[in-house]
Protein chains: 2
Amino acid sequence: MTARTYGNYCPLAQTLDAIGDRWALLVIRELLAGPQRFTDLRGCLPGIGTNQLATRLRELESEHLVTKRTLPPPTPATLYELTDEGRGLEPAIWALVRFGIPRLRTLAPVNTFRPAWAALALRALAATGQPPTQSHCWEVHVEGEVFHIDAGTRGIVAEPGPAPGPATVIETDTITAFALARRELTPRQAIERRLLRCADAAELQAWARLSGFAPDEP
Amino acid sequence: MTARTYGNYCPLAQTLDAIGDRWALLVIRELLAGPQRFTDLRGCLPGIGTNQLATRLRELESEHLVTKRTLPPPTPATLYELTDEGRGLEPAIWALVRFGIPRLRTLAPVNTFRPAWAALALRALAATGQPPTQSHCWEVHVEGEVFHIDAGTRGIVAEPGPAPGPATVIETDTITAFALARRELTPRQAIERRLLRCADAAELQAWARLSGFAPDEP
DNA sequence: CGGCATCCGTGACGATACTG
DNA sequence: CAGTATCGTCACGGATGCCG
């Protein structure tokens, strides 16, 4: 009953009518990592009220961006997940994330901090640099958060979870991931300071070029 | 502590802290067409309160996304315009616009309707299809709204205003522009029905391929 | 008239408590 | 675990007034 609609026949205004409410895009941010339960979402969204979360999920469902699924009785749990239409928001979200990366200021004490958000930043950069000349697959670990990048013949996709096939494993921590994304650190420096691990230096450089990280000095 | 900030050290949350407030992105939408005066913005944003507009402009200014400029005394007027940092939002806005285009439903009576928003949709599509093999420049007119697309060696840019050099002029109306963007009409059909004018059919097709419009039947 | 500031009613939001 | 109920508060929308 939200007459809070902009009422513009404008694609941007219609989008904001759907996802412009407070918390809406952050709910979708969490669902980008895969299906989630109500309580998981609540835990990942510090400060949200349960009523607000319930309302946002209901609205996103009515916009056909999110669906509610109930698992069969062995372990009955209701999961929320993005619809195909909801996944259509990904390009916009990655662009918003990329815009926000240089604006991350020094950490204020009130700020909460999650490895998932560092992984989000690395995922958003996964197709902004030079694409590799041949197929690659990377599996990136940021303190338990895992996603993989598949640079194959059909372009570059960055999906949550471990890689389905063989992949170069890259492992780092939250702070280092943010520093890489903000280009305050080169991958080589991260390796030297034992902040990042990767078995194959050439694959690491290919990932760095693909993501547009800061280049090493010659 | 209702500073209304999410308080997350997350690039998406930081972006939403800056532009997630109501009306903020629509203000920026209007500024994408060039510098605007307070009253012009108010006229293009039906429903906004003057205090809200003043507050949003002040906040966007403090986020360094918008600057206020006062013209010299001949015709003293204060103009609001995007900063370079604010223009960094363009990729995100185009992605949000593209997400909203298929979601534009049939026109409800309450909806307001502006040629500028149709031009926005065409501008957002200006680099989603097949890039042309050689340099092109188009100047698109939608009921007085003018922008141009420059597909040169430095990539594809879509800027407000008329083209600085020679360009193929394309002229159409608001409804047709939306129909093209929604792929409900092909450019050829628009020509045949006298809804669109273009002096050069080959240039029109190049623009259609670049924008990913509906192809003509073979 | 353009560019706000102020006042006020309404409703969305935030926090807590409570329930199937 | 997955929400609903309640309530205080604050931001929003609309109207009006001030000032260059």
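Computed from a prediction, not measured in an experiment: that's the story for all the values here. Here is how names work: the chains are called A, B, and so on, in the same order as the sequence lines, proteins then strands, and each is numbered from 1.
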Visitor: Looking at dT4(D), I'd like to know if its phosphate oxygens (OP1 or OP2) sit under 4.0 Å from a side-chain N or O belonging to R58(A).
Guide: yes
Visitor: Counting only non-hydrogen atoms, which of residues 37-56 of chain B are less than 4.0 Å from DNA chain C?
Guide: R37(B), F38(B), T39(B), T50(B), N51(B), A54(B)
Visitor: List the residues meeting ring-ring contact (aromatic ring centres under 6.0 Å, His included) with Y6(B), not counting sequence neighbours, and say none if there are none.
Guide: W23(A)
Visitor: For R58(B), which residues count as a salt bridge (Lys or Arg N to Asp or Glu O under 4.0 Å) partner, sequence neighbours excluded?
Guide: none
Visitor: In whole angstrom, give the distance that lies between atom CG of L26(B) and atom C1' of dG13(D).
Guide: 15 Å
Visitor: Quick one: is K68(B) getting a side-chain N or O under 4.0 Å of the dG2(C) phosphate, OP1 or OP2?
Guide: no
Visitor: Please report the interatomic distance CZ(R103(B)) to CD(E85(A)), rounded to the nearest 0.5 Å.
Guide: 5.0 Å
Visitor: Measure CG/D21(B) against P/dA11(D) and give the value in whole Å, please.
Guide: 10 Å
Visitor: Which residues pass the salt bridge (Lys or Arg N to Asp or Glu O under 4.0 Å) test with E81(B), sequence neighbours left out?
Guide: R69(B)
Visitor: On the nucleotide dG3(D), are OP1 or OP2 found under 4.0 Å from the side-chain N or O atoms that Y80(A) carries?
Guide: yes
Visitor: Taking only residues two or more places apart in sequence, or in another chain, which ones meet R114(B) in a salt bridge (Lys or Arg N to Asp or Glu O under 4.0 Å)?
Guide: none
Visitor: For residues 157-179 of chain B, which side-chain donor-acceptor pairs fall under 3.5 Å, sequence neighbours excluded?
Guide:
from: T172(B); atom 1: OG1; to: L195(B); atom 2: O; distance (Å): 2.9
from: D173(B); atom 1: OD1; to: T176(B); atom 2: OG1; distance (Å): 2.5
from: D173(B); atom 1: OD2; to: I175(B); atom 2: N; distance (Å): 3.3
from: D173(B); atom 1: OD2; to: T176(B); atom 2: N; distance (Å): 3.4
from: D173(B); atom 1: OD2; to: T176(B); atom 2: OG1; distance (Å): 3.4
from: T174(B); atom 1: OG1; to: E143(B); atom 2: OE1; distance (Å): 3.4
from: T174(B); atom 1: OG1; to: E143(B); atom 2: OE2; distance (Å): 2.9

Visitor: Specify the separation, in whole Å, of atom CZ of R22(B) and atom C1' of dA11(D).
Guide: 11 Å
